[in-house]
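Read the structure below first, then the notes.
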Amino acid sequence: MPDLGFVERGIVMADTTTASDAGPSGSRSDARRARPRRPRAEGPPFHRPRWPRAYAFALVTGVLFLLSWAGQFAFQATVESNQAAQHGQSFAWSEFLPQFLASTLENWQSEFLQLIWQAAGLALFYYWGSSQSRESDERIEAKLDALLRERNLDPDNPDG
């Protein structure tokens with residue numbers, strides 16, 4: 001079976017050198033140095049998407065954020081203007097802007113606290129070893145053991 005021990009630029013390249021190909025010293029590195037290298041492909045092996053497509057999620061999220069913030073601004077300005085008219089006063093930007101910014105920061109604070117709890121809480125539970133995190137660790141270890149056995153290596157005795 002070829003040695004798939006290294007990955008270069010996303011393409012797995014097989015090393016077909018055997019001990020008999022290595023030469024008199026028996027070193028595989030000597031055979032690699034003596035063999036001419038294949039030319040490397042320039043750039044990644046896949047088509048790179050254009051900028052808008054590559055960042056589509058961020059663009060859509062940004063547009064939704066700006067639309068919702070503009071909506072909050074318009075509706076809050078309308079409410080403030082109506083309240084000022086009910087009290088026989090004129091609308092004052094100097095009173096509205098601090099109120100708008102305070103309500104914006106309150107909304108962001110509540111949302112960011114939820115997000116931080118979700119991210120930090122999940123990381124903490126993963127670190128503590130919840131049942132879901134242990135399951136994935138055991139699965140990864142089983143796959144590694146299977147690969148080692150496939151290459152005739154003892155997973156319980158890596159030095160032997």
Side-chain angles (χ1 to χ4, degrees), residues 1-16 29 32 37-151 153-159:
M1 167 144 246
D3 180 18
L4 303 176
F6 60 95
V7 176
E8 187 172 326
R9 293 187 185 212
I11 301 173
V12 176
M13 301 176 76
D15 176 19
T16 56
S29 62
R32 284 188 188 143
R37 288 199 164 275
R38 290 189 289 187
R40 292 185 182 182
E42 294 299 318
F46 54 88
H47 172 66
R48 187 175 195 173
R50 293 185 179 190
W51 187 85
R53 187 171 190 148
Y55 297 99
F57 183 78
L59 291 172
V60 169
T61 303
V63 166
L64 290 174
F65 165 75
L66 291 175
L67 287 174
S68 65
W69 201 27
Q72 178 189 351
F73 180 85
F75 288 119
Q76 196 168 348
T78 303
V79 168
E80 184 69 26
S81 176
N82 290 341
Q83 285 181 351
Q86 286 178 352
H87 296 290
Q89 299 172 349
S90 63
F91 178 79
W93 285 103
S94 61
E95 293 176 12
F96 170 71
L97 287 178
Q99 181 185 356
F100 172 72
L101 293 175
S103 66
T104 297
L105 290 176
E106 286 174 10
N107 289 339
W108 287 356
Q109 180 183 19
S110 68
E111 296 302 323
F112 282 125
L113 284 175
Q114 289 175 19
L115 178 66
I116 288 172
W117 163 245
Q118 288 174 357
L122 288 173
L124 187 64
F125 288 136
Y126 183 79
Y127 176 75
W128 283 343
S130 68
S131 61
Q132 289 84 5
S133 64
R134 272 186 266 129
E135 178 184 24
S136 64
D137 289 346
E138 290 170 359
R139 187 173 177 197
I140 290 171
E141 288 179 18
K143 287 182 178 182
L144 287 173
D145 288 346
L147 285 171
L148 288 172
R149 281 190 204 95
E150 182 181 300
R151 294 173 189 256
L153 299 171
D154 185 10
D156 298 325
N157 185 11
D159 296 329

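A quick note: this is a predicted structure, and the numbers were derived from the prediction, not measured. Heavy-atom basis, side chains included; hydrogens, waters and symmetry copies ignored.
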Check: Would a 4.5 Å heavy-atom cut-off, applied to side chains only, mark N82 and F91 as touching?
Finding: no
task: Determine whether more than 12 heavy atoms belonging to other residues, nucleotides or ligands lie under 6.0 Å from atom CZ of F65.
output: yes
To the nearest 0.5 Å, atom CG of D145 lies from atom CD1 of I140 at 12.0 Å
Tell me which donor-acceptor pairs under 3.5 Å the side chains of residues 98-106 have, and how far apart each pair is, sequence neighbours excluded?
residue	atom	partner	partner atom	Å
S103	OG	Q72	NE2	3.2
S103	OG	Q76	OE1	3.0
S103	OG	Q76	NE2	3.2
S103	OG	Q99	O	3.4
S103	OG	F100	O	2.9
T104	OG1	W69	NE1	3.2
T104	OG1	F100	O	2.9

One should read off an interatomic distance between L97 CG and E80 CD, to the nearest 0.5 angstrom, of 10.5 Å
The reported gap from CD in Q114 to CD in E111 (rounded to nearest 0.5 angstrom) is 5.0 Å
For A56, the side chain to side chain contact (heavy atoms under 4.5 Å, CB included) test, sequence neighbours excluded, returns none
d(L113 CG, W108 CH2) to nearest 0.5 Å is 14.0 Å
Using only atom types and a distance under 3.5 Å, with no angle test, would you say the side chain of T61 pairs donor to acceptor with the backbone of F57?
yes
Interatomic distance, CD@E95 vs CD@Q89, rounded to 0.5 Å, equals 7.0 Å
